[in-house]
Undergrad: 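I'd like to ask you about the structure that follows.
Per chain, numbering begins at 1; letters A, B, ... match sequence-line order. Below, each value reflects all heavy atoms present in this structure, side chains not excepted, and no hydrogens, waters or symmetry copies. Predicted, not measured: the structure shown is a model, and the values here were computed from it.
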There are 2 protein chains.
Amino acid sequence: MARRRQAVTIKHVAADAGVSLQTVSRVINEEPNVRPEMKERVEKSIDKLGYIPSIAARRMSGSRSYLIMALNDRDRTIADWKARQGADWVDQMLLGGMLKCAESGYRMIIELVDTHSDHVERELNAALVALQPDGVILTPPHSENPLITGLLEKRGVAFARIGAGSEGAGVSLVMDDEGAARLATQHLIDLGHRRIGFIAGSPEYQLSAWREAGWRTAMQRAGLPTAGLREGGDFSYETGMTAAAKLLGNKERPTAIIASNDQMAMATLDVAAERSLAVPFDLSVVSFDNTPMTIFCQPPLTAIDQPIAATASRAVELLIAANRGEELPTETEVIEARLIERGSTALAPDGG
Amino acid sequence: MARRRQAVTIKHVAADAGVSLQTVSRVINEEPNVRPEMKERVEKSIDKLGYIPSIAARRMSGSRSYLIMALNDRDRTIADWKARQGADWVDQMLLGGMLKCAESGYRMIIELVDTHSDHVERELNAALVALQPDGVILTPPHSENPLITGLLEKRGVAFARIGAGSEGAGVSLVMDDEGAARLATQHLIDLGHRRIGFIAGSPEYQLSAWREAGWRTAMQRAGLPTAGLREGGDFSYETGMTAAAKLLGNKERPTAIIASNDQMAMATLDVAAERSLAVPFDLSVVSFDNTPMTIFCQPPLTAIDQPIAATASRAVELLIAANRGEELPTETEVIEARLIERGSTALAPDGG
DNA sequence: TTGAAAGCGCTAACAG
DNA sequence: CTGTTAGCGCTTTCAA
């Protein structure tokens, strides 16, 4: 293996421009106290020689590593990848995060950590020390793991928590689950629906409660009842089937159902088909998350889009700002969610 | 921002174990010439202090960076991510590559580069210098870009080319497209089909020719004709529609169709539905790639699985071996492909 | 506003 | 088998 010494280093640039290393360093770091003409001269040399600073060397000398680490739950991520059912959480994180990183010369690196393990701290610490990232993005369920947030805080690494409540250190970013649920419910109400069922998600996730709350609020405001219209699941297809079957088995069955994720919505579609209920004519369905499966369903699902890319992008933005010395906001940032209308919603049937 | 100096360094370990830095270095690099008792003593200290070597420092001192860079085409990758149609190429690369990396303390980092740009070299060089990866994995169409392979070769970075022919530097890994096509064809022949249509992919990709060749070979061996049974597309849904329409418009229409990717297979399904042909009873369909959409099709598509994860995993394995000084194989490595049977294939209709 | 010196944590090369 | 020395490329002191 060839010894891969750097071809052109800061020394070469300094020599070429006839200045000290220090001046070059100041220019590439956009520090003050450099005369414009000096700066220009250095920049010309940099361009001419095609100089790119080495991340490793920069990190060594105690400055930034230009690395943002995105932490995901190992088991769940690997399971999603293996299942190949189109769950594109990681892709959306990359889409939002990596591109935002690139704007400032940062890179995003995905790291998998096992939340449930008793050596989370060891694992995380190893990654932290090996990579020395300038910032860490936490995704559920890491976002609410005090072992993780505690360690990050102790080590003084800037971090963002996605999908978690606001208490605790680090910036918190959430999608507006409650508002989104209200939006979905209102959409159905506007279509003339009055009996709108709701399939809740796993109570282990905070967002399940937020989504349910949004539905209740919208129904209440419209003076519509919710009694007998709420069933619970755990985000799986199977529990979606059970919940949908209960809802559609009532003698006064709902004309619309909101499912707390795409899997359960798909289950609802299948239960409806079993009972010869035509979607969207006899039954409208709205789901949450808007993963790729929504477009392949029959009919394609109207869904609340979970803005993962936008959230990751914003998280990176804040983390990079923090590294520049800016203060991180203490308030939770709320990223707006949109409703994507597809074929599973329509006007309520007569008497809806 | 806190100055994030490393908490415990090789020095601390050396002091704790009462040996020189060098001995510690030898232990963590599993180098020879360390007495077992010394080694044990050092390892004890490492455990006790929770020492993790800094990647940056290791890279600095001219050794490995423990980084493998996976290069993907920027436009295509971003388009896939934005489309959210379940294309999971990147995920499968991560699944195979990242996990294999982790086994040896490496990390995989995704990098997007624009192949068609005239400054590919600049872009790639920047990534190479900034990150100093120990190995690079090239995916199509980068795998066949001489600007890229040339630069990598010049810089002496080990690299693997996925999905490209064998000529040129670097290890070459391909899925057995030809064999896979034969497998798919034979599967249909075994089901009693005799008129088996084929929709070819874009001629810009080598694999299109390989897939077609496999179909032709299998047909020939079985003494079956191919005349009038071949149409061409470019992997898009639209061209798939056109091709399928032509094939099914023939008076002697095929009883089975092999499409060179999932998109075109889905188009074939839709064309069949338009013409009231029941799949798989009137028409069997087999596709290539096995992306997530296959399971959401009606009926779910029988498909040739493209073993991206296995390929990435093997590429990483070879790259890491190369870094240990082992020779890279000069022969192209062929990764076997499997046929996943789902609902779109069945016995040929009478007289098939 | 600029430059010189010191050192980050580690490994290569060379001694012993 | 083990230790010493020098330096990787850069940024941080500190001095001019």
Undergrad: Between B:Ser20 and D:dT2, is there a contact of a side-chain N or O with OP1 or OP2 at under 4.0 Å?
TA: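 Negative; the distance criterion is not met.
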
Undergrad: With respect to the phosphate group of C:dT2, does any side-chain polar atom (N or O) of A:Thr23 fall under 4.0 Å of OP1 or OP2?
TA: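 Negative; the distance criterion is not met.
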
Undergrad: Whole-Å distance between C:dG9 P and B:Leu49 CG?
TA: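 From B:Leu49 CG to C:dG9 P: 14 Å.
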
Undergrad: Could you check whether A:Arg161 pairs with A:Glu144 (Lys NZ or Arg NE/NH1/NH2 to Asp/Glu carboxylate O, under 4.0 Å)?
TA: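 No salt bridge links A:Arg161 with A:Glu144.
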
Undergrad: Just how far, in rounded Å, is P of D:dT11 from CE of B:Met60?
TA: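 Checked: the CE to P distance equals 11 Å.
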
Undergrad: Can you tell me which nucleotide in C:dT1, C:dG7, D:dT12 comes closest to the side chain of A:Ser61?
TA: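 Closest nucleotide to the A:Ser61 side chain: C:dG7.
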
Undergrad: How many whole angstroms separate atom CG of B:Leu21 from atom C1' of C:dA12?
TA: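 Rounded to the whole Å, the gap is 13 Å.
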
Undergrad: Please state how far atom CG in B:Asn33 lies from atom P in C:dC14, giving the value in whole angstrom units.
TA: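 After rounding, the reported distance stands at 16 Å.
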
Undergrad: Picking from D:dG3, C:dT2, C:dC10, which would you name as closest to the side chain of B:Pro53?
TA: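 Nearest listed nucleotide: C:dC10.
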
Undergrad: In whole Å, what is the span from the CZ atom of B:Arg41 to the C1' atom of D:dC1?
TA: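 Distance check: B:Arg41 CZ to D:dC1 C1' gives 13 Å.
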
Undergrad: Are there over 12 heavy-atom neighbours, none belonging to B:Glu40, within less than 6.0 Å of that residue's CD?
TA: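 Open.
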
Undergrad: Please confirm whether the shortest side-chain N or O distance from A:Arg26 to OP1 or OP2 of C:dT1 is below 4.0 Å.
TA: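 For C:dT1, OP1/OP2 do not have a side-chain N/O of A:Arg26 under 4.0 Å.
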
Undergrad: Calculate the interatomic distance between B:Arg59 atom CZ and D:dG7 atom C1'; express it in whole Å.
TA: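 After rounding, the reported distance stands at 14 Å.
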
Undergrad: Is there a side-chain polar atom (N or O) of B:Thr9 under 4.0 Å from OP1 or OP2 of C:dC8?
TA: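 Checking B:Thr9 against C:dC8: no side-chain N or O falls below 4.0 Å of OP1 or OP2.
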
Undergrad: Closest nucleotide of DNA chain D for A:Ser25 versus for B:Pro32: which of these residues is on the 5' side?
TA: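 Counting from the 5' end, the first nearest nucleotide belongs to B:Pro32.
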
Undergrad: So what does B:Ile55 hit on the nucleic acid, given a heavy-atom distance under 4.0 Å: a base, only sugar-phosphate, or nothing?
TA: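 No contact.
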
Undergrad: Under a plain distance cut-off of 3.5 Å, with no hydrogens placed, do A:Asn29 and A:Arg64 share a side-chain donor-acceptor pair?
TA: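 No, because no side-chain N or O of A:Arg64 sits under 3.5 Å from a partner of the opposite role on A:Asn29.
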
Undergrad: Under 4.0 Å between a side-chain N or O of B:Asn29 and OP1 or OP2 of C:dT11?
TA: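 Indeed, a polar side-chain atom of B:Asn29 lies that close.
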
Undergrad: What's the NZ-C1' distance between A:Lys11 and C:dA4, to the nearest Å?
TA: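 So the NZ-C1' distance, A:Lys11 to C:dA4, works out to 13 Å.
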
Undergrad: So, using side-chain contact (heavy atoms from CB on, under 4.5 Å) as the criterion, who are the partners of A:Ala130 when residues are at least two apart?
TA: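 By the side-chain contact (heavy atoms from CB on, under 4.5 Å) rule, A:Ala130 matches B:Ile52, B:Ile55, B:Arg107.
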
Undergrad: Closest-nucleotide mapping onto DNA chain D: is A:Glu31 or B:Gln22 further toward the 5' terminus? I mean the 5' end.
TA: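 Upstream on the strand: B:Gln22.
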
Undergrad: Whole angstrom is fine here: how far is it from NE2 in B:His12 over to P in C:dG9?
TA: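 Those two atoms, NE2 and P, are 8 Å apart.
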
Undergrad: Which donor-acceptor pairs under 3.5 Å do side chains of residues 145-154 of chain A form with protein atoms, sequence neighbours excluded?
TA:
{"unit_1": "A:Asn145", "atom_1": "OD1", "unit_2": "A:Leu147", "atom_2": "N", "d": "2.9"}
{"unit_1": "A:Thr149", "atom_1": "OG1", "unit_2": "A:Asn145", "atom_2": "O", "d": "3.3"}
{"unit_1": "A:Thr149", "atom_1": "OG1", "unit_2": "A:Pro146", "atom_2": "O", "d": "3.4"}

Undergrad: C:dT11 phosphate, OP1 or OP2: any side-chain N/O from B:Arg58 under 4.0 angstrom?
TA: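 True: B:Arg58 side-chain N/O within range (under 4.0 Å) of C:dT11 OP1/OP2.
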
Undergrad: It should be established whether A:Arg35 places a side-chain nitrogen or oxygen under 4.0 Å from OP1 or OP2 of nucleotide C:dT2.
TA: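 So the side chain of A:Arg35 is within the cut-off, an N or O lying under 4.0 Å from OP1 or OP2 of C:dT2.
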
Undergrad: Please pick, from C:dG3, D:dT2, C:dC10, the nucleotide with the shortest atom-to-atom distance to any side-chain atom of A:Val19.
TA: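 Nearest to the side chain of A:Val19 among the choices is C:dG3.
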
Undergrad: Considering only heavy atoms from C-beta outward, does the side chain of B:Val13 approach that of B:Val19 to under 4.5 Å?
TA: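 SC-SC contact between B:Val13 and B:Val19 ruled out.
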
Undergrad: Are B:Tyr51 and C:dC10 close enough that a side-chain N or O sits under 4.0 Å from OP1 or OP2?
TA: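 It does, given that an N or O in the side chain of B:Tyr51 lies less than 4.0 Å from OP1 or OP2 of C:dC10.
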
Undergrad: Please determine, for the side chain of B:Ile10, which listed nucleotide (D:dT11, C:dT11, C:dG3) has the closest atom?
TA: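 When the side chain of B:Ile10 is considered, C:dT11 is the closest of D:dT11, C:dT11, C:dG3.
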
